[in-house]
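To keep things clear, I will list the structure first and then write my remarks on it.
These figures come from a predicted structure and were not determined experimentally. Below, read A as the first sequence line, B as the second, and so on, with proteins coming before strands; counting in each chain starts at 1.
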Amino acid sequence: MIGILIAVLVANAAWSIATESRIEWDIIGKYLFSEQIFNGMKMTLLLTVIAMVMGVLLGIVLAVMWLSPNPVASSVAWFYIWVFRGTPVIVQLLFWGFLGAIYPHLSIGVPFGGPEFFGGSANDLIPPFVAAIFGLGFNEAAYMAEIVRAGISSVDEGQEEAAAALGMKRIQTIRRIVLPQAMRVIIPPTGNETISMLKTTSLVLVIPVSDLLYQATLIYSRNYKTIELLIVVSLWYLFFTSILTIVQYYIERHYSRGTKRNQPPSKIEFFVKHFWPHRSPREEGGPPMPGPGSRQLGG
Amino acid sequence: MTESGTTPMVEAINVHKRFGKNEVLKGITLTVAPGEVMVLLGPSGSGKSTFLRCINHLDRLNAGELRVDGSLVGFRESKGKIYEQKESEIAADRTRIGMVFQGFNLFPHMSAMQNIIEAPTRVLKVNKKQAEAEAQALLEQVGLGDRGDAYPNQLSGGQKQRVAIARALAMKPKLMLFDEPTSALDPELVGDVLDVMRKLAEDGMTMVVVTHEIGFAREVGDQLVFMDEGVVVESGDPATVIANPQHERTKAFLSKVL
């Protein structure tokens with residue numbers, strides 16, 4: 001009963017949008033592949049990649065500091081995560097964007113007022129693009145630190161003991177022994193973070209940086225086709241998040257091999273089966289990829 | 001037996017270890033001479049594994065004195081004062097001591113060969129070719145000359161433990177610590193591991209072995225130490241102690257495991 005009711009409501013809504021609303025569908029078609037939207041899209045993808053790379057690398061450093069026996073290192077990491085996770089990312093973006101207001105002059109030199117090696121106006125040193133990268137990347141690092149920490153903690157303590165007994169130092173042990181094994185725990189949520197980051201980059205319009213959404217706002221502020229342009233933007237975000245979701249699905253399946261059995265088929269698997277009836281991943285077991293726990297006997 | 005004039009390989013004087021309020025070692029005093037095989041026997045919770053882990057500073061002792069080959073474990077003596085060692089000094093000292101764990105603790109993302117050459121190439125900076133040649137010789141020594149490319153999950157428990165022994169030997173240690181090396185193995189795989197250890201003892205390696213294998217203790221051990229509740233209850237020649245235990249607790253324990 002409920003199923004039928006929902007179906008009727010959805011059909012009615014679709015019919016209403018298609019016939020009664022004043023959405024100009026040709027406007028959507030016109031802007032979907034326009035150069036301005038493409039330029040915004042490139043910026044969105046660039047921001048996503050750079051912010052994620054920065055987040056992952058800094059996140060690893062923070063996680064290692066956090067778990068360090070050195071109290072200074074672990075306090076600094078804890079404080080960093082407390083600040084950057086505890087404040088909205090949009091506030092952080094605005095902060096980097098307007099840093100020039102409180103620090104007109106930035107420099108690198110001897111601390112506490114010593115000679116200066118390199119310096120300049122904050123507005124020159126932190127252009128909007130850099131402010132966007134700082135805002136997104138530093139924020140992401142705090143979340144990645146949590147993920148990496150969980151990954152490191154998931155590795156059996158005996159691994160670190162064995163490495164220690166062989167005379168390996170802590171950093172060496174983490175890099176060579178612990179992190180490679182932590183990857184199976186770290187990678188799946190990192191995929192989630194990437195999908196989330198793709199959408200979060202839209203906040204850079206407050207700085208502003210001309211990403212996908214900002215370009216759309218520029219267009220609709222001229223022609224007042226607000227909803228049409230927002231639909232264009234949404235279609236592109238949906239397109240890229242769908243691609244990332246598929247990539248993430250395969251990565252997750254690879255890393256969960258041998259640990260989960262009889263998991264219910266996902267939507268993606270359903271589509272894969274539907275469109276590639278001969279290459280169903282469940283039946284073939286997927287391509288052999290190197291990685292912990294995934295090696296086959298005699299491989 | 002310790003001959004006068006030679007430095008003992010392990011010398012423990014009144015070693016204490018607490019975990020919180022729980023005192024696990026209540027004053028352990030013992031000596032292992034170079035080339036000697038000492039077997040530590042005792043019920044679980046008696047502190048024998050903790051003592052073994054104190055020898056290479058995986059656990060830090062709270063009181064007493066522990067020396068390996070004459071130098072303090074985890075501490076540095078300078079002008080009559082004692083300082084805690086830095087991480088790099090602790091790590092350097094551990095290269096002299098090999099350790100084999102109950103759970104093998106092989107690195108699962110590396111082949112047997114990579115497991116063995118990891119520490120020699122990264123810590124001792126031996127070049128890769130030479131390390132691989134030495135690793136191959138060690139694999140042959142433990143009877144696994146053809147399994148260098150195998151990953152740990154492709155090996156049986158007994159094979160894993162023999163790779164773990166080869167990995168420890170690759171650092172050319174002066175002293176080998178074995179923490180219940182056969183306790184996690186199926187009964188039919190125990191023999192292969194004990195054979196490797198027996199050969200190692202015959203070649204003159206100094207060994208401290210925590211085990212429940214009474215047969216191994218009797219045949220290979222030079223000295224048997226029976227521990228219970230954090231103290232040494234009884235020690236001496238293995239065959240004598242096993243055949244004729246003096247203490248009630250030793251008798252009770254041996255009657256259960258024999």
I'd like to know if the side chain of [X] and the backbone of [Y] have a donor-acceptor N/O pair within less than 3.5 Å.
| X | Y | result |
| --- | --- | --- |
| A:Gln159 | B:Leu106 | yes |
| B:Asn105 | A:Gly158 | yes |
| B:His109 | A:Arg176 | yes |

(message) Working to the nearest 0.5 angstrom, can you tell me the gap between B:Ile90 CD1 and A:Arg170 CZ?
(response) 13.5 Å

(message) With rounding to the nearest 0.5 angstrom, report the CD1 to CE distance, A:Ile177 to B:Met110.
(response) 4.0 Å

(request) Could you tell me which non-hydrogen atom of A:Leu166 sits nearest to which non-hydrogen atom of B:Ala119, and how far apart they are? (result) CB-CB, 3.8 Å

(request) Measure across B:Phe101 and A:Ala162 and return the closest heavy-atom pair with its distance rounded to 0.1 Å. (result) CE1-CA, 3.6 Å

(message) Please determine whether a side-chain nitrogen of the Lys or Arg among A:Lys169 and B:Glu87 lies less than 4.0 Å from a carboxylate oxygen of the Asp or Glu.
(response) no

(message) Just so I understand: if I count every heavy-atom pair under 4.5 Å between each of B:Arg122, B:His57, B:Arg53, B:Met99 and chain A, which residue has the most?
(response) B:Arg122

(request) Check whether B:Arg167 gets within reach of chain A through its side chain, its backbone, both or neither, counting any heavy atom under 4.5 Å. (result) both

(message) Using heavy-atom distances under 4.5 Å, tell me whether B:Leu58 contacts chain A through its side chain, its backbone, both, or neither.
(response) side chain

(request) Under the side-chain contact (heavy atoms from CB on, under 4.5 Å) rule, what do B:Arg94 and A:Met168 come out as? Steps first, then yes or no, please. (result) CA-CA 9 Å; B:Arg94 280 180 181 143; A:Met168 292 173 74; over 6 Å; no

Tell me whether [X] at atom [atom1] has more than 12 heavy atoms from other residues, nucleotides or ligands lying less than 6.0 Å away.
| X | atom1 | answer |
| --- | --- | --- |
| A:Glu157 | CD | no |
| B:Arg18 | CZ | no |
| B:Phe19 | CZ | yes |

(message) Report which part of A:Gln172 has an atom under 4.5 Å of a heavy atom belonging to chain B: side chain, backbone, both, or neither.
(response) side chain

